[in-house]
Amino acid sequence: MSDCRREWNREDELPVYLAGPITTGPTQRQKHCGMFSSVEGAFDSKTIDFEASAVSRRGSRTPRSGSRERILDGDCVSETASVRSPNSPGNREDGRESVESTHSSGKDCFSGQNNGKALITQSGRQPYPDRAVRTRSRDTEGQTGSLFLRRLCSSAGQDSMSGTGYQGKKSIPHLTSERLLIKGGRIVNDDQSFYADVYVEDGLIKQVGENLIVPGGVKVVEAEGRMVIPGGIDVNTCFQRPFLGVTPVDDFYQGTRAAVAGGTTMIIDHVTPQPGDSLLEAFETWQEAADRKSCCDYSLHMDIPQWHEGVKEELELLVQDKGINSFLVYMAYKDLYQMSDTQLYEAFSYLKELGAVVLVHAENGDLIAQEQNKILDMGIIGPEGHPLSRPEELESEAVFRAITLGNRVNCPVYITKVMSKSAADTISQARKKGAVVFGEPITASLATDGSHYWSKNWAKAAAYVTSPPLSPDPTTPEHLHTLLACGDLQVVGSAHCAYSTSQKAIGKDNFTLIPEGTNGVEERMGFVWDKAVAMGKMDENQFVAVTSTNAAKIFNLYPRKGRIAVGSDADIVIWDPDRTRTITAKLQQSALEYNIFEGMECRGAPLLVVSQGKVVYEEGKLHVQQGTGRFISRKPFPDYGYQRVKTRNNMIGRQGVSRGMYDGPVYDVPATPKYITPAPSAKTSPTSHQPPPIRNLHQSNFSLSGAQIDDNIPRRSGHRIVNPPGGRSNITNLG
Amino acid sequence: MSFQGKKNIPRLTSDRLIIKGGKIVNDDQSFYADVYIEDGVIKQIGENLIVPGGVKTVDAYGHIVIPGGIDVNTSLQAAHLGMNPADDFYHGTRAALAGGTTMIIDHVLPEPGSSLLAAYDQWRDIADRRSCCDYSLHMDITRWHEGLAEEVEALVKDKGVNSFLVFMAYKDKYQSSDSQIYEVFGVLRDMGAIAQVHAENGDIVEEEQKRILELGITGPEGHVLSHPEEVETEAVYRAITIAKQANCPLYITKVMSRQAADVIAKARKKGMVVYGEPITASLGMDGSHYWSKNWAKAAAFVMSPPLSQDPSTPDYLNSLLACGDLQVTGSAHSTFSTAQKAVGKDNFTLIPEGTNGIEERMSIIWDKAVATGKMDENEFVAVTSTNAAKLFNIYPRKGRIAVGSDADLVIWNTKETKTFSATTHNLTVELNIFEGMECRGYPVVVISQGRIVLEGGQLNVIEGSGRFVPRKAFPDFVYKRIKARSRMADARGVPRGNYDGPVHDVISVTKSVPSTPTTRGPQCPGKTVMAAGRNLHQSGFTLSGNQMDDHIPRRTAQRIVAPPGGRSNITSLS
């Protein structure tokens, strides 16, 4: 029996790292769950029983049988007691639905199992005697009690999963127990396309191939030759980012709903602590919010608002224990988040040691601050001041600088929000010179341009405000798509950060106060298809690469995400390349009252979206549940960026020249005391005119008395050592 | 007229000279003619000139007659780490004349925080006493603050300085932050001056220096390792970006690497007003000598930005010079004796920076560019003299052989070769980085201020004969375009009706003013930056007592949601 099971489970084929949660094996199961062992027979029903599957489909969208089967397979009992209560509201709701359609068991929280039981009972009507026995025995056991335990086991199974490799989500039981067969689709990965069926169970892809042998009671989705692609990964969202205390209208729930509706099954959101806040606390706030609300799997980037020694510990903790491997540093937002080059260098060095990916918000904040003052002085207060004060050059300059820093430190650099041609060109040139740098254009930069900033309608113009701003050059989207197609840019994010018009209106009299952010999480995949694939710039495999696979590789999610393969997460999208829709705020999932892509036509849309093995979007209808999203932790040192970095590290043997000691005369430097004159602090606000700091008493006849502001700064004295200890005595030869 | 004469030094330029039989080469054309000089000025050019009797005749048959070279970058007086250069104005200008350069523009380097005018006076004083050829001065801005704007104005308007250098390197010493550079550029543009930039990212350099020293590398090779090309390139790129924003003409001193030169060339193709100055060392040498086993030799090459390790660099820079992507050549002559360099024998960061090159400049360009066929003799004149004169607004007084121009002329032997060596050069340093290099083309006769200072291999200079050449603001060569662009670049707002929709109420969150430094400006090295605990609203941590940034006004503007007069008369939404 166990042999059979193993056979269809194909555990041997699973990558080692995936094996953890599944391989616990029959022995353990028998040990712990002996009294329910008969139930195992369910595993052996290999036949596809269409009748049964039909029932199951009718019965519920989320039968749990699969979960049960699989979970029984895991070590379930030990953790039973500690298992969380299956009382999540969303869960219950769903359960109730299914109850109504099948057995009307009163205990709603178990009804899922009841339903599953129904399914199994039906699938048990098979002509195979050996299995029939088991099935029957199982039928007899199909009582609430056993179901209860099964259910607990199912949770426990998840727990075991979270213990190894993937930290599953913490407190919300989920509904991934659906078994699903996607038939007749053309599977498109980033490397190849082929026709095959995909069998999904327990949120994982179990089988890929033709003529699959799957158990009965499986929901079958007919793909009818359409593309079956890995679900999109949106690498840049801000569903929680506060601006002056204002939070975006699209929170994790609204945002991930929109994501799913657009074919994106995973998001990576930015945690943005305020300067001075604890990163860990911010992380927990975000994780808590996301766990409660997110409808699809998510992961988190951490923004570093300020660099100082104290941050290092938190960073290490985040990388080692919390599963974050990407950190954003800012080159813009002077006096708020901006870091100096020295700080950037230190941050890069430290993050490299941790094996993290360095994300950079690349804009020259010093110049922006200057330009903003200038523009405001000119009396320009509307949204057009935003692009005027942030010209493209400032973006590409910062990109160039970030890449230089990355090269010096030898760490992978990832440029978020590539908005202009020149910035993209800078990245592509650096890549040609061998820099390990990745670029992320976003939906807005790929689909629209910055001409709208000059719109007469304030609300419309303000809607486009994001940083870096959209380029006024109308050829930008096309250029970015070209670079995306040829691999010079790698991933597509959305930078979805939705503020309502009334929130944007905070800056109605001063463009620098307009909350920054545009929508795009829902439209992301569609526009890449429409503007790149449908135009013939890009093929479908590259489409998968830029919308999903590359992101998974860069952030070390691959091959769990970003690929349709046995063992990968069942985040699958059936893509319809021909469907054309017109983007409008009326039909969008986002809570925004506007859409910056309003009225644009877009070819290509998801037909059906499977997230965690569950159909969450079908025929234009969402079936998501708040809180089903799991936090996906990411390990440091992703191969995609770090393999090269490691090798280069080994290569850079900086070697000094071994030469004889210099024994010639050494000039005696007159002991002029070295003064470190304090510079006007960089933080100085433009209004304060500091007197020129004159501290060099030697050359001017002007002296300062009394305590000075920098008295606490030690004077550097190292420069005066002309004859270092041990220097002069043994000079003998000049090589 | 635009020719400011010298001020208070009696000059000895009254000899009358006629140069016969040479081919006169200007940047635009070459022709055979005689040149008659009187009182230090070119009086007549042509054939069969009618000249008074008793005129000394200089024979230039078979040679070319070119305007004397202008070396746009020397540091003959700038102290480095407390040491004065081995070659001061006397030795330096003497060597310049020996190499065919009849004018230098030296960098005034005031101590950070001290007065620019005081430093200017100091330099003028020394140069007037010591210089053997005409000179002018660049002013280095070692620490920018608002108060300097007045001094800059005084220098531009009254003192004849129209070029100012800002440093992007030398952290905690000379380095300026991006904001400061932007401000400087803005001021310079308004004054009509040229912004020069020492382009290296000082932040990265400092970090790299620390790292290299930690690795145990203390020799001169550590200098190159800590000043990689990219760091130069990055700074060039940034400087150009800032200049573009400020609409200010930009001049990059010491272009040492291919990449940096490429960035300049590209920016020019995009229409930027930017100029690049390769120097003798980068045009003649590569950086392989930093790895020399001989410490003294390796140290002699130490300069910032360092010579590129790429051996194709000199060739490449010469090509860009020939095609006009780079415009002028300097020498960045700043020499320190081996004993002075040895101050850094156990720590490369203490090696005083600078190489020789003032004497070799013209010959190296002739040999590497003209003799190899990359550029013609007219371009040679342009890059060694005329462009510099135009750029710094001393054209046509300098940089051209024309009636009325200063009689700074060089009779150039284009065929024979000369070998550079420390034993024969006119400098005081004991090492010449071009040691043993054989160059075609050298000056046979050099005439400065109408007087023969080099003839038959003999130098005949007079200490203190050099005049200060003041330079006026708004050089046409540079500012015509800038002026036109200033008129064009009026950003315009969009006239629209007031927004009268709902406005989200911003909760009055105390805006935290973090105390970390965020810019590249000079910072105090010993200071450990603490996390900003000033946001009382969000953290439970408070600071009491006086704080370091108490003098900085808190920004309050951000909380104004309904500005005065805002809410009442909102009527239309167009």
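Worth knowing before you read on, the calculation uses all heavy atoms, side chains too, and leaves out hydrogens, waters and symmetry mates. By convention in this document, chain letters (A, B, ...) are assigned in the order of the sequence lines, proteins followed by strands, and residues within each chain are numbered from 1.
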Which atoms of B:Tyr290 approach chain A - backbone, side chain, both or neither, heavy atom under 4.5 Å |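 Answer is backbone: N, CA, C or O of B:Tyr290 sit under 4.5 Å from chain A.
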B:Pro228, B:Gly222, B:Gly344: which one forms the most heavy-atom pairs within less than 4.5 Å of chain A?
->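 That would be B:Pro228.
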Among B:Ser292, B:Ala119, B:Ser337, which has the most heavy-atom pairs under 4.5 Å with chain A?
->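 When all of B:Ser292, B:Ala119, B:Ser337 are compared, B:Ser292 has the most.
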Quick one: does [X]'s side chain get under 4.5 Å of [Y]'s, heavy atoms only?
{"X": "B:Glu221", "Y": "A:Arg659", "result": "yes"}
{"X": "A:Lys433", "Y": "B:Glu230", "result": "no"}
{"X": "A:Asn364", "Y": "B:Arg238", "result": "yes"}
{"X": "B:Glu206", "Y": "A:Tyr345", "result": "no"}
{"X": "B:Tyr237", "Y": "A:Thr426", "result": "yes"}
{"X": "A:Asp341", "Y": "B:Lys171", "result": "no"}
{"X": "A:Glu393", "Y": "B:Met272", "result": "no"}

Criterion side-chain contact (heavy atoms from CB on, under 4.5 Å) on B:Asn201 and A:Thr404, from CA distance to verdict | CA-CA 10 Å; B:Asn201 187 319; A:Thr404 307; over 6 Å; no
Could you look at A:Gln429 and say if it's the side chain, the backbone, both or neither that has a heavy atom under 4.5 Å from chain B?
->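 The side chain, not the backbone.
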Pick one of side chain, backbone, both or neither for A:Leu394, based on which atoms fall under 4.5 Å of a heavy atom in chain B.
->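 Both backbone and side chain.
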Let's test your reading of the structure: which of [options] forms the most heavy-atom pairs below 4.5 Å with chain B?
{"options": "A:Ala461, A:Gly507, A:Ser396, A:Pro515", "result": "A:Ser396"}
{"options": "A:Glu346, A:Glu384, A:Lys374", "result": "A:Glu384"}
{"options": "A:Pro383, A:Ala398, A:Ala462", "result": "A:Pro383"}

Greater than 12 external heavy atoms within 6.0 Å of B:Lys270's NZ =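 Open: at most 12 neighbouring heavy atoms sit under 6.0 Å from NZ of B:Lys270.
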Measure the spacing between [atom1] of [X] and [atom2] of [Y] and express it to the nearest 0.5 Å.
{"X": "B:Thr241", "Y": "A:Arg401", "atom1": "OG1", "atom2": "CZ", "answer": "9.0 Å"}
{"X": "B:Asp172", "Y": "A:Thr342", "atom1": "CG", "atom2": "OG1", "answer": "8.0 Å"}
{"X": "A:Leu405", "Y": "B:Glu207", "atom1": "CG", "atom2": "CD", "answer": "9.5 Å"}
{"X": "A:Asp366", "Y": "B:Ile181", "atom1": "CG", "atom2": "CD1", "answer": "9.0 Å"}

Smallest separation among heavy atoms of [X] and [Y], with atom names:
{"X": "B:Pro502", "Y": "A:Ala505", "value": "O-CB, 3.6 Å"}
{"X": "A:Tyr667", "Y": "B:Val343", "value": "O-CG2, 3.5 Å"}
{"X": "B:Asp178", "Y": "A:Leu367", "value": "O-CD2, 4.1 Å"}
{"X": "B:Ala342", "Y": "A:Pro665", "value": "CB-O, 3.7 Å"}
{"X": "B:Arg496", "Y": "A:Asn457", "value": "NE-C, 4.2 Å"}

Between A:Gln370 (side chain) and B:Ser179 (backbone), is there a donor-acceptor pair under 3.5 Å?
->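 Answer holds: yes.
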